[in-house]
Q: 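Could you have a look at this structure, given as structure tokens, before my questions?
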Amino acid sequence: MSIASAIGTVVPQNQVPFFYTQQYGPTLGQLIISTGVASLFRSWWFTIAEVWLVVSLLICTYYRGQFAIRLSRRDTKRGLGAWGLTVLHIGLVFILVTLIFTPRVSREERVDAAPGEVAKLSARGFPFDLQIKSFKIEQYPDGSPKQYITRCAVVENGKVVRETNISVNYPLKHRGVKVYQMSYGWLLSARLLSQGKTFPVEIASDQEPLALGPYHALAVRFYPDFAYDLNGHPITRSQEPKNPRVLYIFYYQNQPVVMDILKLGQAGEFPGGQIVFDRYSQFTGLQVKKNPALGYTFAGFILASAGVLVHLIWNPRRRREGTGQEDVNATSK
Amino acid sequence: MHPLESNFFTLALIAYALAMATFFAYIWTRSTRTANLGFALIGAGLLTQLVSLTVRSIAAGRWPFANVYEFLTLMIFGLAAATLIAGLRYRMPGTAIFATPVIVALMAYAYTIKRAAEPLVPALQSYWLQFHVATAIFAYGAFGLSFAMAVMYLIKDRPGTREGGLLGILPDLGRLDKLIYGTIAFGFAFQTLVLITGAVWAEEAWGTWWSWDPKETWALITWLVYAFYLHGWTRGSWRGRRGAWLSIIGFATVLFTFFGVTYLLRGLHSY
């Protein structure tokens, strides 16, 4: 498992098949895909190794438990140390079993929502909806981000039951569901003017090109506080919309044909028409997750930590009977 | 960077370098006074480093737990403290002969990457950061010490060597073997806590308690290598030279987790 895991950290995981044949050549790339190395930690053979480890742990823990019982009868303190190790191993079984089951029983969804919107989580099987009140980015004096905060209301059956903040490291916990602050982005409203007609378009900044038909596609990047850096490249000085600009790229048959930077309301060209960006809005990226196995994992964490600490304090090897001498095994510090 | 922080860091580097020189001199003098001077210099290094870290913490308004430089200096602090305590408690100046070069090398590297403290990015603003890093210092400090002792073991345990010079200072093999085991057992307990506090924190910050991020995977590999060592040692099959080699491999995975993953593999960890 160690060797497999090491390989799993070197070979990028869960990419599209094309990535592997491109990166490693057709033969090795195919081998990586067919052996499951491309998604190693979910492959059947890695799962079997994990199950194997659980079974051996269970057997060992059983014998360890018997040893701890016998030792406790003879010597309480040393018995306690042996119990520590037993409890540690029971904790490890909990953690490993939930490691195997968590991806199979938990459910997660990404939700992007702008302030004022209601994220309909109930439509996706979660027990409540979220009304997004506001989203703000707190900054340090040097301009680097300090915290991302989404203010929202929890709505159950059309009624607001609580209002709370979601920020990084402080997810919302409600009815066994956790909602995390994950990302944010900008949404742009544009009009395409072509042959006397107007087509409205909603497009998110920094995404894959949006198809506008069989041959045309559009990609945009929003600069809330636009400036040029010393090399003449466009940058944003902050995330506050002090000087908003939109960079757009128009594609025809996957080839970029027009690229320009526009102010809001300013018309830009594309072959056969014009484009105008009217509005921008910031949205918050939330992750909604329900993991029914989490309680068991945390039980495992508590057991393993308690076991390790008990063993550290009452190490059964510390004093050897008969000699009365302190054994150097005890601690190193 | 505050000049006090910078100056005391340099002083600590000098103190550790002098301690290393003193312990090298001890190989010839073999006098208790030389060894005591060496230990006093390690103590001076610890104190000056503590001043440097305290100034940094006050200036930044947070614990120095947030980037590769800060963690490296804490790891050195843990290793130096472990060397001092183990050396005095078990009266083994021999350990310091091998630990001080590691301390000085890491300290010199830290010197080249030192920079002013930056404010914490949102993902690091958690109480779990403190527990996660504090347990890691103990674990890595102990693993570093066990590495130094494993090298001592391999140097001492060569056929046909005489009991003179350096070898005479080193503790006898049986004692050394038990010390390596004890140190690793101590470090392993803390490595377990590193993984658990990290998992609890990841559940709050990243939305999943285990995501096979390269850093956490390599921390797990380290844990597995030492788990293998501990089980092999108690069963009696991985003691002596084999055990010493395994503990060197264990420390190599520690170093890879720390430097290799930080600089070669990309992941969610900031260092």
Side-chain angles (χ1 to χ4, degrees), chain A residues 1-3 5-6 8-10 12-13 40-42 60 88 91-92 95 98-99 102-103 106 108 137-138 140-142 144-148 167-171 178-182 287-289 291 294 297-298 300-302 304-305 307-309 311-312 315 317 327-333, chain B residues 78 81-82 85-86 89-90 118-128 138 141-142 145-146 175 178-179 181-190 192-193 195-197 199-201 203-210 212-215 217-218 220-221 224-225 228 234 253 261 264-267:
Chain A
M1 279 179 81
S2 291
I3 294 166
S5 307
T9 62
V10 177
Q13 295 289 299
L40 189 142
F41 300 111
R42 280 185 241 158
C60 294
L88 165 65
L92 294 181
I95 296 169
T98 54
L99 178 67
T102 298
S106 65
E108 59 182 276
I137 302 173
E138 285 183 353
Y140 290 108
D142 70 351
S144 61
K146 185 179 181 185
Q147 189 54 279
Y148 306 100
S167 58
V168 178
N169 266 311
Y170 301 95
K178 283 177 160 183
V179 184
Y180 298 87
Q181 181 70 52
M182 273 295 161
Q287 176 159 292
V288 189
K289 185 159 185 179
N291 175 8
L294 192 64
T297 311
F298 273 65
F301 288 163
I302 292 167
S305 311
V308 144
L309 290 174
H311 186 72
L312 208 60
N315 189 331
R317 290 177 201 281
D327 193 309
V328 289
N329 284 333
T331 52
S332 63
K333 291 193 184 179
Chain B
I85 293 165
R89 182 166 173 185
Y90 303 114
E118 292 145 1
L120 287 182
V121 298
L124 289 181
Q125 289 167 31
S126 167
Y127 289 115
W128 290 103
F138 280 102
L145 186 63
S146 74
R175 188 157 177 243
K178 281 184 190 161
L179 271 174
Y181 170 82
T183 312
I184 289 181
F186 179 88
F188 181 80
F190 279 93
T192 311
L193 296 177
L195 287 169
I196 290 174
T197 52
V200 173
W201 182 16
E203 173 66 26
E204 296 298 277
W206 298 337
T208 169
W209 60 270
W210 194 262
W212 296 105
D213 167 72
K215 187 74 91 180
T217 308
W218 273 96
L220 176 68
I221 294 170
L224 286 172
V225 170
F228 185 84
T234 26
T253 59
V261 178
L264 298 177
L265 307 171
R266 258 180 293 158

Q: Checking heavy atoms, do the side chain of B/Glu203, its backbone, both or neither come under 4.5 Å from chain A?
A: both
Q: Could you tell me which non-hydrogen atom of B/Pro119 sits nearest to which non-hydrogen atom of A/Ser144, and how far apart they are?
A: CG-OG, 3.8 Å
Q: To the nearest 0.5 Å, tell me how far B/Leu224 CG sits from A/Ile3 CD1.
A: 11.0 Å
Q: What distance do A/Met1 atom CE and B/Thr217 atom OG1 have between them, rounded to the nearest 0.5 Å?
A: 10.5 Å
Q: Rounded at 0.5 Å granularity, tell me how far CZ in A/Arg42 sits from CH2 in B/Trp212.
A: 12.0 Å
Q: Under a 4.5 Å cutoff for heavy-atom pairs, which residue among B/Leu120, B/Thr208, B/Thr197 has the most contacts with chain A?
A: B/Leu120
Q: Compare every heavy atom of A/Tyr148 with every heavy atom of B/Pro122, then report the nearest pair and how far apart it is.
A: CG-CE1, 3.6 Å
Q: Could you give the distance from CZ (B/Phe138) to CG (A/Leu312), rounded to the nearest 0.5 Å?
A: 10.0 Å
Q: How many angstroms lie between atom CD1 of B/Ile196 and atom CD1 of A/Ile95, to the nearest 0.5 angstrom?
A: 5.0 Å
Q: Should A/Val168 and B/Val121 count as side-chain neighbours, where that means a heavy-atom distance under 4.5 Å?
A: no
Q: How far apart are the closest heavy atoms of A/Pro171 and B/Glu204, and which atoms are they?
A: CD-O, 3.6 Å
Q: For A/Thr297, is it the side chain, the backbone, both or neither that has a heavy atom under 4.5 Å from a heavy atom of chain B?
A: side chain
Q: In terms of heavy-atom pairs under 4.5 Å with chain B, which of A/Thr98, A/Leu40, A/Val10, A/Leu294 leads?
A: A/Leu294
Q: Which region of B/Thr192, side chain (C-beta onward) or backbone (N, CA, C, O), has a non-hydrogen atom less than 4.5 Å from a non-hydrogen atom of chain A, or is it both or neither?
A: side chain
Q: May I ask you to decide if the ring planes of B/Trp209 and A/Phe301 are parallel, tilted or perpendicular, using 30° and 60° as cut-offs?
A: perpendicular
Q: Inspect the surroundings of OH in A/Tyr140 and state if more than 12 heavy atoms from other residues, nucleotides or ligands are less than 6.0 Å away.
A: yes
Q: Looking at A/Gln147, A/Gln287, A/Lys146, A/Lys289, which makes the most heavy-atom pairs under 4.5 Å with chain B?
A: A/Lys146
Q: Would you mind reporting whether B/Phe188 and A/Val308 have side-chain heavy atoms less than 4.5 Å apart?
A: no
Q: Just give me the residue among B/Leu195, B/Ile221, B/Leu220 that pairs up with chain A most often, heavy atom to heavy atom, under 4.5 Å.
A: B/Ile221
Q: Search all heavy atoms of B/Ala123 against all heavy atoms of A/Asn169 and return the closest pair with its distance.
A: O-ND2, 2.7 Å
